[in-house]
Amino acid sequence: MDLNQYQRQARTTARYPQVGSNPIYPTLGLCGEAGEVADKVKKVLRDRGGVFEPPLVEDLALELGDVLWYVAQLASELGLDLEAVARGNLAKLAARAERNTLGGSGDHR
């Protein structure tokens, strides 16, 4: 499955207020789901000595799927193709690697 195919299929399951003109809802959902991923990883450090057991990895895969769904919805709300977003990100990272600026901060380094 390519990213645009995923985006199209995920869109058929979008059920939230004003689908098609509401980037706020998927943005907030993305924050919530990313927080769930972070919380599970935090608890691995706190409770499991940093060891990622297979059942937890499976749980994280489910949460990452939710993150991906919200990324796809936000991209759709903004009129962006997920594959174009991914290609742009890889091009940006390659340019930074070429300039030896992968470290640091800021979007335009």
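A quick note: this is a predicted structure, and the numbers were derived from the prediction, not measured. In this chain, numbering begins with 1 at the start of the sequence shown. These values consider heavy atoms only, across backbone and side chains, with no hydrogens, waters or symmetry-generated copies.
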S.K.: Do any N or O atoms from the side chain of E77 and from the backbone of G20 form a donor-acceptor pair under 3.5 angstrom?
M.R.: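 Indeed, once roles are kept as given, a pair shorter than 3.5 Å links the two residues.
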S.K.: Would you indicate whether R48, at its atom CZ, is surrounded by more than 12 heavy atoms from other residues, nucleotides or ligands within a distance under 6.0 Å?
M.R.: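 Open.
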S.K.: Does N22 use its side chain to pair, donor to acceptor, with the backbone of P17 at less than 3.5 Å?
M.R.: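 Yes; at least one donor-acceptor contact below 3.5 Å.
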S.K.: Backbone N or O of E83 within a donor-acceptor pair of the D2 side chain at under 3.5 Å?
M.R.: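 It does not hold such a pair.
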S.K.: R11 and V19: side chain to side chain contact (heavy atoms under 4.5 Å, CB included), yes or no, with the steps?
M.R.: CA-CA 9 Å; R11 194 65 167 167; V19 171; 3.6 Å; yes
S.K.: Nearest 0.5 Å please: distance from the CG atom of L74 over to the OH atom of Y25.
M.R.: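 Separation between the atoms: 13.5 Å.
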S.K.: Hey, what do you get for CZ (R87) to CG (L90), rounding to the nearest 0.5 Å?
M.R.: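 The CZ atom of R87 sits 9.5 Å away from the CG atom of L90.
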S.K.: Is the number of heavy atoms from other residues, nucleotides or ligands within 6.0 Å of CG (N89) greater than 12?
M.R.: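 It does: N89 CG has more than 12 such atoms within range.
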S.K.: Does one hydrophobic cluster hold both L78 and V85, with members joined at side-chain heavy-atom distances below 4.5 Å?
M.R.: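 Same cluster: L78 reaches V85 through Ile, Leu, Val, Met, Phe, Trp or Tyr contacts under 4.5 Å.
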S.K.: Any side-chain heavy atom of K42 sitting closer than 4.5 Å to one from D39?
M.R.: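 Result yes, sub-4.5 Å side-chain heavy-atom pair found.
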S.K.: Which atom pair, heavy atoms only, marks the closest approach of K92 to D107?
M.R.: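 Looking at all heavy atoms of both residues, the closest pair is CD-O, 4.4 Å.
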S.K.: Classify the angle between the aromatic ring planes of Y16 and W69 as parallel (below 30°), tilted (30 to 60°) or perpendicular (above 60°).
M.R.: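 Taking W69 first and then Y16, their aromatic rings stand perpendicular (interplane angle over 60°).
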S.K.: For the CG atom of L102 and the CG atom of N100, what is their distance to the nearest 0.5 Å?
M.R.: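 The CG atom of N100 is 7.5 Å from CG of L102, to the nearest 0.5 Å.
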S.K.: Report whether V67 and L62 are members of the same hydrophobic cluster (ILVMFWY, side-chain heavy atoms less than 4.5 Å apart, transitive linking).
M.R.: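 Different clusters.
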S.K.: Side chains of T27 and Y70, heavy atoms from C-beta outward: is any pair under 4.5 Å?
M.R.: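 Of all side-chain heavy-atom pairs linking Y70 with T27, none is under 4.5 Å.
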S.K.: If you define the side chain from C-beta out and look only at heavy atoms, does anything of E53 sit under 4.5 Å from V51?
M.R.: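 Answer yes - side chains close enough.
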S.K.: Between Q7 (side chain only) and L82 (backbone N and O only), is there a donor and an acceptor less than 3.5 Å apart?
M.R.: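 At least one qualifying donor-acceptor pair exists.
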S.K.: Could you go through the side chain to side chain contact (heavy atoms under 4.5 Å, CB included) check for L30 and V71 one step at a time?
M.R.: CA-CA 7 Å; L30 175 58; V71 167; 3.7 Å; yes
S.K.: How long is the span from the CD atom in Q73 to the CG atom in L68, to the nearest 0.5 Å?
M.R.: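 It is 9.5 Å, given to the nearest 0.5 Å.
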S.K.: Return yes when atom CD1 of I24 has more than 12 non-hydrogen atoms of other residues, nucleotides or ligands closer than 6.0 Å, and no otherwise.
M.R.: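 It does not: I24 CD1 has 12 such atoms or fewer within range.
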S.K.: Find the distance between CG (L3) and CD (Q5) and round it off to the nearest 0.5 Å.
M.R.: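 Going from the CG atom of L3 to the CD atom of Q5 covers 10.0 Å.
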